[in-house]
K.L.:
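Right, I'll just put the structure down here and ask away after.
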Amino acid sequence: MKEYDFLIVGSGLYGAVFAREMTNAGKKCLVIDKRAHTGGNVYCENIDGINVHKYGPHIFHTNSKEIWDYVNSFVEFNNFVYSPLANYQGRLYNLPFNMNTFYKLWNIENPGEAEKKIQDQISASGIVNPVNLEQQAITMVGKDVYELLIKGYTEKQWGRKAVDLPKGIIKRLPVRFTFDNNYFNDRYQGIPIGGYNRLINGLLSGVEVRTSVDFFKDRDNLSKMADVLVYTGKLDEFYNYKFGCLEYRSLRFEQEKLNVPSYQGVAVINFTDGIIPYTRVVEHKHFEFGRQEYTIITKEYPQEWSLGMEAYYPINDVENEKKLNLYNTLAKNERKTIFGGRLAEYKYYDMHQVIAAALMKTKKMKRS
Ligand code: FAD
Ligand code: UDP
């Protein structure tokens, strides 16, 4: 008889939801995290009353009432709607691509004219079956929007030419012929009132958690403590990189406190010109409608990733997918280990998808 039913490596959303659900089912869980705090990438640091999204801006959105009700059972969400702007060479455009964007770009007020303009550009490009991100983007919005608002941002974000990137990355973005600046199409969205840590603390309430514990520093002993291991760290690291590294894109954040009540008047501005080295500027107080006399901003610089750095965005190109398949073949044969979350599945997951995956897994386990 082992001390715990589950050892959960990682206290991000996957690990926290898993721990909550299995604890509710009467199982004993131990959660460890190598970071000094819980929450994984949704962690916020409260600085002078402003919740600073330490690992990049996080906006919760979902179409699922079940997921929305689930997160709201731990913390109430506010009515924040994500409507970022794009700054291209000092001019501001609305995102996602919608009639406000097209009006600013071409002075076109009419949806039919905007559709025709874009359709003409798509036809002129001659692209029928897009095979890469550049082609996919042009067939969604035409060449003008691609050149101003996508190419520069994408190439610095990913450190690769848009023609060398998988087309799936850009399919996330809505294109609309209405004057609607809501970045997401989902029915529900918002920010936890009081910040994401309240969601994580609710999920982990009553669960034993140890932070600053790296699984790989004491793998054998930790593994012996529980019947089942739930692993949410990097999949390739679990197998000692035997098929090579799964590659990521990393980020560097530059944070500043400024003595003005509002620096940019909106939570996020994307800088879409390739010359400016950062991709976006985040002004954290706007996520929670802060009324402070000061503000905190973060400039987000994409950077090349190498082993030992924080892994942010998986690069799901052909080479990495090949390696992923090899690792997955091993993972599928593990009897006492569950792999979940964005690092262990090497997936460009949003928060609601990670929660849904953990809920699905735990539901299945409760039934068996
Ligand atoms: P993580 O949050 O990464 O948690 C994994 C945890 O495991 C970490 O805490 C890590 O320290 C720990 N760990 C790893 N290895 C070990 C080890 N060896 N020992 C112990 N602990 C270990 N999603 C949205 O829905 N909306 C957004 O606006 C949004 N914005 C994003 C912005 C950025 C810049 C990024 C990178 C992601 C964004 N996401 C967003 C995605 C979101 O962050 C993820 O879907 C979610 O946080 C993933 O949860 P997770 O538990 O899978 O992973
Ligand atoms: N993108 C872009 N310009 C923008 C915003 C996004 O070209 O102003 C592209 C870019 O390739 C990015 C992808 O769309 O990687 C997905 O954007 P999203 O905002 O979903 O990125 P994330 O939230 O994952 O950082």
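Atoms within each ligand, like the ligands themselves, are counted from 1 in listed order.
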K.L.:
Answer with yes or no whether the side chains of D317 and N320 bring together a donor and an acceptor at under 3.5 Å.
P.N.:
yes
K.L.:
Looking at atom 26 (N) of ligand 1, what's its closest protein heavy atom, distance included?
P.N.:
I59 O, 2.9 Å
K.L.:
What I want to know is whether L13 and ligand 1 share at least one N or O pair that is separated by under 3.5 angstrom.
P.N.:
yes
K.L.:
Under 3.5 Å, is there a donor-acceptor pair linking the side chains of N78 and E288?
P.N.:
no
K.L.:
So is R280 touching ligand 2 or not, going by heavy atoms under 4.0 Å?
P.N.:
yes
K.L.:
Before we go on, tell me: are the rings of Y93 and Y88 under 6.0 Å apart, centre to centre?
P.N.:
no
K.L.:
Under 6.0 Å between ring centres, would you say that holds for F60 and F80?
P.N.:
no
K.L.:
Give the residue and atom name of whichever protein heavy atom lies nearest to atom 2 (C) of ligand 2, and the separation in Å to one decimal.
P.N.:
Y153 CD2, 3.4 Å
K.L.:
To check your reading of the model: name the closest protein heavy atom to atom 33 (C) of ligand 1, its residue, and the distance in Å.
P.N.:
Y313 OH, 3.7 Å
K.L.:
Using a strict cut-off of less than 4.0 Å between a Lys/Arg side-chain nitrogen and an Asp/Glu carboxylate oxygen, indicate whether E66 and K363 qualify as a salt bridge.
P.N.:
yes
K.L.:
Under 3.5 Å between any N/O of L251 and any N/O of ligand 1: does that happen in this structure?
P.N.:
no
K.L.:
Which option, E237, H37, H352, M351, owns the non-hydrogen atom nearest atom 25 (O) of ligand 1?
P.N.:
M351
K.L.:
What residue and heavy atom of the protein are closest to atom 22 (C) of ligand 1, and at what distance?
P.N.:
K34 CG, 3.7 Å
K.L.:
Checking the side chain of Q135 only, and the main-chain atoms of V131 only, is there a donor and an acceptor separated by less than 3.5 Å?
P.N.:
yes
K.L.:
Is E113 salt-bridged to K116, cutoff N-O under 4.0 Å?
P.N.:
no
K.L.:
Where does the angle between the aromatic ring planes of Y313 and Y348 fall among parallel (under 30°), tilted (30 to 60°) and perpendicular (over 60°)?
P.N.:
perpendicular
K.L.:
Answer yes if the side chains of Y231 and E334 hold a donor-acceptor pair under 3.5 Å, and no otherwise.
P.N.:
no
K.L.:
Nearest non-hydrogen contact with atom 46 (C) of ligand 1 belongs to which option: V354, V31, D186?
P.N.:
V354
K.L.:
Which label fits Y70 and F74: parallel for a plane angle under 30°, tilted from 30 to 60°, or perpendicular past 60°?
P.N.:
perpendicular
K.L.:
Under 4.0 Å, heavy atoms only, figure out whether ligand 1 is touched by the backbone of Y55, its side chain, both or neither.
P.N.:
backbone
K.L.:
Taking distance alone, with N or O pairs closer than 3.5 Å, would you say Y14 contacts ligand 1?
P.N.:
yes
K.L.:
Among all protein heavy atoms, pick the one closest to atom 15 (O) of ligand 2 and tell me residue, atom and distance.
P.N.:
W158 NE1, 2.9 Å
K.L.:
Which residue owns the protein heavy atom closest to atom 18 (P) of ligand 2, what's the atom, and how far is it?
P.N.:
Y183 OH, 3.6 Å
K.L.:
Identify, for atom 23 (O) of ligand 2, the protein heavy atom at the shortest distance, and state residue, atom and that distance.
P.N.:
R172 NH2, 3.8 Å
K.L.:
If the cut-off is 4.0 Å to any non-hydrogen atom of T272, which atoms of ligand 2 fall inside it?
P.N.:
8 (O)
K.L.:
Which ligand 2 atoms, with their elements, are less than 4.0 angstrom from a heavy-atom of L95?
P.N.:
8 (O)
K.L.:
Below 4.0 angstrom from a heavy atom of N270, which ligand 2 atoms are there? Numbered from 1 as shown, please.
P.N.:
4 (C), 5 (C), 8 (O)
K.L.:
Just to confirm my output: which protein heavy-atom neighbour is closest to atom 7 (O) of ligand 1, and how far is it?
P.N.:
G10 CA, 3.2 Å
K.L.:
Show me which atoms of ligand 2 lie under 4.0 Å from any heavy atom of I170.
P.N.:
9 (C), 14 (O)
K.L.:
Are Y241 and K234 linked by a side-chain donor-acceptor pair shorter than 3.5 Å?
P.N.:
yes
K.L.:
Measure the distance from atom 10 (C) of ligand 2 to every protein heavy atom, then report the residue, atom name and distance (to 0.1 Å) of the closest one.
P.N.:
T154 OG1, 3.4 Å
K.L.:
Provide, to 0.1 Å, the distance between atom 3 (N) of ligand 2 and the closest protein heavy atom, together with that atom's residue and name.
P.N.:
L149 O, 2.9 Å
K.L.:
Is there a heavy atom of F60 sitting under 4.0 angstrom from any atom of ligand 1?
P.N.:
no
K.L.:
For ligand 2, note which part of I150 has a heavy atom under 4.0 Å away: side chain, backbone, both or neither.
P.N.:
both
K.L.:
To the nearest 0.1 Å, how far is atom 21 (O) of ligand 2 from its closest protein heavy atom, and which atom is that?
P.N.:
Y348 OH, 3.4 Å
K.L.:
Would the distance check show the side chain of H53 and the main-chain N or O of H58 forming a donor-acceptor pair, the cut-off being under 3.5 Å?
P.N.:
yes
K.L.:
Once you restrict to heavy atoms under 4.0 Å, what part of I169 touches ligand 2? Side chain, backbone, both or neither.
P.N.:
both
K.L.:
How far is atom 41 (C) of ligand 1 from its nearest protein heavy atom, and which residue and atom is that?
P.N.:
Y349 O, 3.3 Å
K.L.:
For atom 29 (C) of ligand 1, grab the closest protein heavy atom and report residue, atom and distance to one decimal in Å.
P.N.:
H58 CD2, 3.6 Å
K.L.:
Nearest non-hydrogen contact with atom 2 (O) of ligand 1 belongs to which option: N41, T62, V268, L222?
P.N.:
N41
K.L.:
Check whether the ring centres of Y327 and F238 lie less than 6.0 Å apart, and answer yes or no.
P.N.:
no
K.L.:
Among all protein heavy atoms, pick the one closest to atom 30 (N) of ligand 1 and tell me residue, atom and distance.
P.N.:
P57 O, 3.0 Å
K.L.:
Side chains of N98 and N100: donor-acceptor distance under 3.5 Å anywhere?
P.N.:
yes
K.L.:
Of the protein's non-hydrogen atoms, which lies at the shortest distance from atom 10 (C) of ligand 1, and what is that distance?
P.N.:
D33 OD1, 3.6 Å
K.L.:
Check each heavy atom of T38 against ligand 1 and say whether those closer than 4.0 Å belong to the side chain, the backbone, both or neither.
P.N.:
neither
K.L.:
What orientation do H37 and Y43 show, parallel under 30°, tilted 30 to 60°, or perpendicular over 60°?
P.N.:
parallel
K.L.:
Check each heavy atom of D214 against ligand 1 and say whether those closer than 4.0 Å belong to the side chain, the backbone, both or neither.
P.N.:
both
K.L.:
Could you check whether E254 pairs with R252 (Lys NZ or Arg NE/NH1/NH2 to Asp/Glu carboxylate O, under 4.0 Å)?
P.N.:
yes
K.L.:
To check your reading of the model: name the closest protein heavy atom to atom 25 (O) of ligand 2, its residue, and the distance in Å.
P.N.:
Y313 OH, 2.7 Å
K.L.:
Is it the case that the ring center of Y188 lies less than 6.0 angstrom away from the ring center of F77?
P.N.:
no
K.L.:
Indicate yes or no: does D48 engage K257 in a salt bridge with an N to O separation below 4.0 Å.
P.N.:
yes
